[in-house]
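Here the structure comes first, spelled out in structure tokens, and everything after it is commentary.
Side chains included, hydrogens not; waters and symmetry mates left out as well; all remaining heavy atoms used.
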Amino acid sequence: MSKEVRVRFAPSPTGALHIGGVRTALYNYLFAKKNGGKFLLRIEDTDQNRYVPGAEEYIKNSLEWIGITPDESPWKPGEVGPYRQSERKPMYMEYAQYLLDQGHAYYAFDTPEELDEMRKRLTAARVVSPQYNSITRTQMKNSLTLPADEVKARLESGDPYVIRIKIPRKEEVRLNDMVRGWVMVHSNSLDDKVLMKSDGMPTYHLANIVDDHLMGITHVIRGEEWLPSAPLHVLLYKFLGWEDSMPQFAHLPLLLKPDGNGKLSKRDAEKHGFPIFPLNWTSPENGELVDGFKEAGYLADAFLNFLAFLGWNPGDQREMFTVEELIEAFSIERIGKSGTKFDINKAKWYNEQYLRKKSNAELSDYLLADLAKENVTVSKEKAEKIVSLMKERATFPADLWKEGRFMVFAPKEFDDRIVDKKWNENVVIVLSAFRDKLEAISTELTADMARTMLGETAEEKEIKLGKIMQAVRLAITGVGAGPDLMQIFEILGKEELILRIDFALKNIKAS
RNA sequence: GGUCCGUUCGUCUAGGGGUUAGGACGUAUCCCUUUCACGGAUGAAACACGGGUUCGAUUCCCGUACGGACUACCA
């Protein structure tokens with residue numbers, strides 16, 4: 001029997017969660033659920049300088065918005081906590097010490113200035129990539145070069161030090177990535193990465209391996225930017241004696257800029273006017289507010305569906321998926337290898353599809369909320385009617401109101417272009433006569449009635465209805481295009497219609 | 001520069017030794033609609049290049065080009 005699948009999403013609380021991060025979280029979630037496993041959230045806050053207040057909550061809220069709440073997290077601890085690396089600080093030294101004892105790590109006392117100097121010197125000597133490695137470490141101040149008593153003295157006197165991994169020479173490091181296959185790297189190209197910082201905190205590399213091990217992580221699904229350091233991680237598992245329980249790796253393709261090349265950034269989002277964060281984010285540093293997908297009007301299920309398809313596909317031609325269906329269909333084998341350019345049009349398309357699937361009742365809540373902001377109230381029933389007319393033409397819930405204001409507010413101005421083109425005597429004749437007929441009826445106006453009445457009126461006046469239809473629309477709505485006019489008439493009702501016709505007749509002047 | 005990863009329509013992708021190289025977004029045209037949108041139909045549009053291997057390569061191999069990631073006491 002194989003052990004339970006456990007995966008984790010491990011972001012750093014350094015700011016708003018980027019859409020790529022959300023996708024990583026989603027894939028982890030889908031994989032966990034597909035395999036009946038657990039999805040954990042671990043906060044990687046080992047860099048205290050980069051900690052941004054509010055970022056943790058933001059991550060939590062973002063995941064909750066799309067409904068992928070972790071099974072274990074700082075807010076819902078399981079058995080393997082704490083779930084914040086800063087709170088796990090005391091746990092790491094033990095493993096660093098073990099590596100030290102095994103000769104797989106060493107103390108290094110070089111100051112930042114000395115490191116800088118070393119890099120400058122190597123660059124000047126035209127060394128291709130200046131790094132702290134098996135060659136250069138022999139010229140630096142560390143427990144490999146310094147006499148044992150000096151090392152001891154330095155440690156005892158509290159000299160600042162870091163612990164570095166001692167990368168072996170001439171060793172082939174290989175790993176079998178679930179999306180990329182075998183990746184091989186020669187240890188000579190690896191450098192002696194810092195494992196423990198001078199502030200006593202582990203670096204990502206150590207913390208990550210220790211935590212994944214201790215938390216029973218079986219699969220590491222993360223962005224491709226980690227691929228170059230994966231061999232280092234494999235070495236660490238080996239040195240710590242955890243080779244047998246080493247998780248399987250899956251490195252996800254990157255999300256790329258929509259134009260040109262490179263990794264998708266906040267800058268691109270601004271440039272093209274689309275969101276890049278799931279939720280609104282107000283930077284604590286400068287108070288700047290960046291729009292999130294949610295606030296921009298993207299529906300959670302549409303966003304999730306869209307996100308799932310950024311680098312993955314089910315292998316058949318379906319593309320509308322609920323979370324449950326995604327879980328069912330998901331597999332790492334079907335994740336693509338190449339980077340994915342971000343296309344906001346596809347996101348909009350998904351949103352339209354999901355918007356149309358929503359019931360009028362549900363959608364009317366959005367409309368009612370928007371109306372409330374302008375201190376307007378209409379009945380739920382009327383709101384639903386408006387929504388049913390508007391939803392086929394909306395991309396975002398806000399469009400319901402933006403494009404349908406005339407359903408509630410009588411137009412005060414009329415589109416000049418349509419006035420110029422379509423407004424004439426015939427329109428005035430038919431509209432006036434229609435208005436009087438409206439006044440004469442005693443029942444509620446229905447769309448069918450309106451259609452018949454208007455048709456008859458035009459016939460009586462011997463005017464082609466087609467010639468004046470758009471002008472009639474203009475008189476009632478102020479604009480030249482929109483949903484079926486007769487349906488609008490029904491929703492407006494005859495009193496409102498009469499008022500609007502009177503206003504139009506009085507205020508529209510043909511040029 | 002070095003290491004690693006990648007490359008099918010504009011974009012996301014399916015496919016995989018013999019296919020009219022399929023779908024979706026976008027786009028064009030037409031139909032529907034007394035408007036616009038929705039919807040429907042149809043079209044334009046792709047295997048980066050060069051060598052192998054093979055009867056045959058877009059598919060396998062090698063190179064080249066191009067793109068990307070990484071190259072911190074950041075994750």
Side-chain angles (χ1 to χ4, degrees), chain A residues 10-14 44-47 49-50 85 108 110-112 115 119 123 126-132 160-164 177 179-181 183-186 188-191 193-199 201-205 207-208 222-231 251 253-254 256-263 306 309-319 334 336-350 352 356 390-394 403 418 422 451 454-455 458 464-474 477 479-486:
Chain A
S12 287
T14 54
E44 307 227 329
D45 55 352
T46 52
D47 187 354
N49 300 318
R50 293 212 309 161
Q85 288 183 331
D110 316 278
T111 64
L115 288 172
R119 290 189 186 104
T123 308
R126 299 241 275 269
V127 169
V128 282
S129 58
Q131 50 183 21
Y132 207 117
Y161 67 88
V162 300
I163 297 173
R164 287 180 181 271
D177 188 271
V179 345
R180 270 149 235 285
V183 176
M184 265 161 278
V185 123
H186 200 90
N188 287 6
S189 69
L190 266 25
D191 62 341
K193 281 272 182 298
V194 170
L195 263 21
M196 283 297 243
K197 301 185 262 191
S198 54
D199 64 359
M201 274 292 200
T203 58
Y204 170 84
H205 304 293
N208 193 261
R222 65 203 335 180
E224 193 186 351
E225 66 269 28
W226 292 110
L227 194 50
S229 52
H251 288 95
L254 259 17
L256 270 19
K257 294 177 190 297
D259 59 347
N261 310 301
K263 200 154 73 151
F306 164 71
F309 272 72
L310 248 33
W312 171 87
N313 74 83
D316 53 36
Q317 281 162 357
R318 294 173 297 161
E319 43 189 357
R334 297 215 60 90
K337 293 182 187 13
S338 47
T340 302
K341 280 192 185 168
F342 187 83
D343 182 12
I344 196 66
N345 274 328
K346 197 82 182 206
K348 285 185 182 163
W349 178 78
Y350 269 114
E352 286 165 4
R356 285 179 202 135
M390 299 306 301
K391 74 175 177 185
E392 294 287 294
R393 50 215 311 123
E403 304 296 323
I418 311 293
K422 302 285 181 178
R451 199 180 316 275
L454 192 61
K464 277 246 197 297
L465 192 54
K467 296 266 183 206
I468 60 161
M469 237 359 221
Q470 208 181 4
V472 173
R473 172 183 295 280
L474 176 82
T477 69
V479 291
D484 182 71
L485 233 203
M486 299 309 135

- Message: Pairing check on B/U64: which nucleotide meets the Watson-Crick or G-U wobble criteria with it, both distances under 3.5 Å?
- Response: B/A48

- Contact class for A/Lys263 (heavy atom, under 4.0 Å): base, sugar-phosphate, or nothing? sugar-phosphate

- Item | Exercise: identify the closest heavy-atom pair between A/His251 and A/Gly223 | CD2-O, 3.5 Å

- Query: Just checking A/Arg451: base, sugar-phosphate only, or nothing, at a heavy-atom cut-off of under 4.0 Å?
  - Reply: nothing

- Query: Which of these passes salt bridge (Lys or Arg N to Asp or Glu O under 4.0 Å) with A/Glu224: A/Arg180, A/Lys263, A/Lys337?
  - Reply: A/Arg180

- Look at A/Thr14 and B/C74 and indicate whether a side-chain polar atom (N or O) is within less than 4.0 Å of OP1 or OP2. no

- Does B/U29 pair with anything, Watson-Crick or G-U wobble, both distances under 3.5 Å, and if so, with which nucleotide? B/A41

- Message: So if I take every side-chain heavy atom of A/Leu115 and compare against B/A75, B/C25, B/C73, which nucleotide ends up nearest?
- Response: B/C73

- Query: Which whole number of Å gives the distance between the C1' atom of B/G67 and that of B/U11?
  - Reply: 16 Å

- Item | Pairwise 5' ranking along RNA chain B for A/Lys464 and A/Lys197, keeping only the more 5' one | A/Lys464

- Message: Any strand counts, and the cut-off is 3.5 Å on both contacts for Watson-Crick or G-U wobble. Which nucleotide pairs with B/A69?
- Response: B/U3

- Message: OP1 or OP2 of B/U71 versus the side-chain N and O atoms of A/Lys193: is any pair under 4.0 Å?
- Response: no

- Query: Any chance NZ of A/Lys467 has more than 12 other-residue heavy atoms, nucleotides or ligands included, within less than 6.0 Å?
  - Reply: no

Protein-nucleotides 37-42 of chain B N/O pairs under 3.5 Å:
residue, atom, partner, partner atom, Å
B/C38, O2', A/Glu392, OE1, 2.5

- Determine the interplanar angle of the A/Tyr350 and A/Phe309 rings, folded into 0 to 90°, and report it as parallel if under 30°, tilted if 30 to 60°, perpendicular if over 60°. tilted

- Query: Expressed as a whole number of Å, how far does the P atom of B/A21 sit from that of B/C4?
  - Reply: 37 Å

- For B/A24, the nucleotide meeting Watson-Crick or G-U wobble distances (both under 3.5 Å) is B/U11

- Message: Can you tell me which nucleotide in B/A24, B/A72, B/A75 comes closest to the side chain of A/Asp47?
- Response: B/A75

- Item | Euclidean distance for P, B/C32 against B/G40 (whole angstrom) | 16 Å

- Inter-nucleotide P distance (B/C61, B/U29), Å rounded: 44 Å

Please enumerate all protein N or O atoms sitting under 3.5 Å from an N or O of nucleotides 4-14 of chain B, with distances to 0.1 Å.
residue, atom, partner, partner atom, Å
B/C5, O2', A/Arg180, NH1, 2.6
B/C5, O2', A/Glu224, OE2, 3.2
B/C12, OP1, A/Lys341, N, 3.0
B/U13, OP1, A/Thr340, OG1, 2.8
B/U13, O3', A/Asn313, ND2, 2.9
B/A14, OP1, A/Asn313, ND2, 2.9
B/A14, O3', A/Arg334, NH2, 3.2

- Determine the contact category for A/Asp484: base if any of its heavy atoms lies under 4.0 Å from a base atom, sugar-phosphate if only primed atoms, P, OP1 or OP2 are that close, otherwise nothing. base

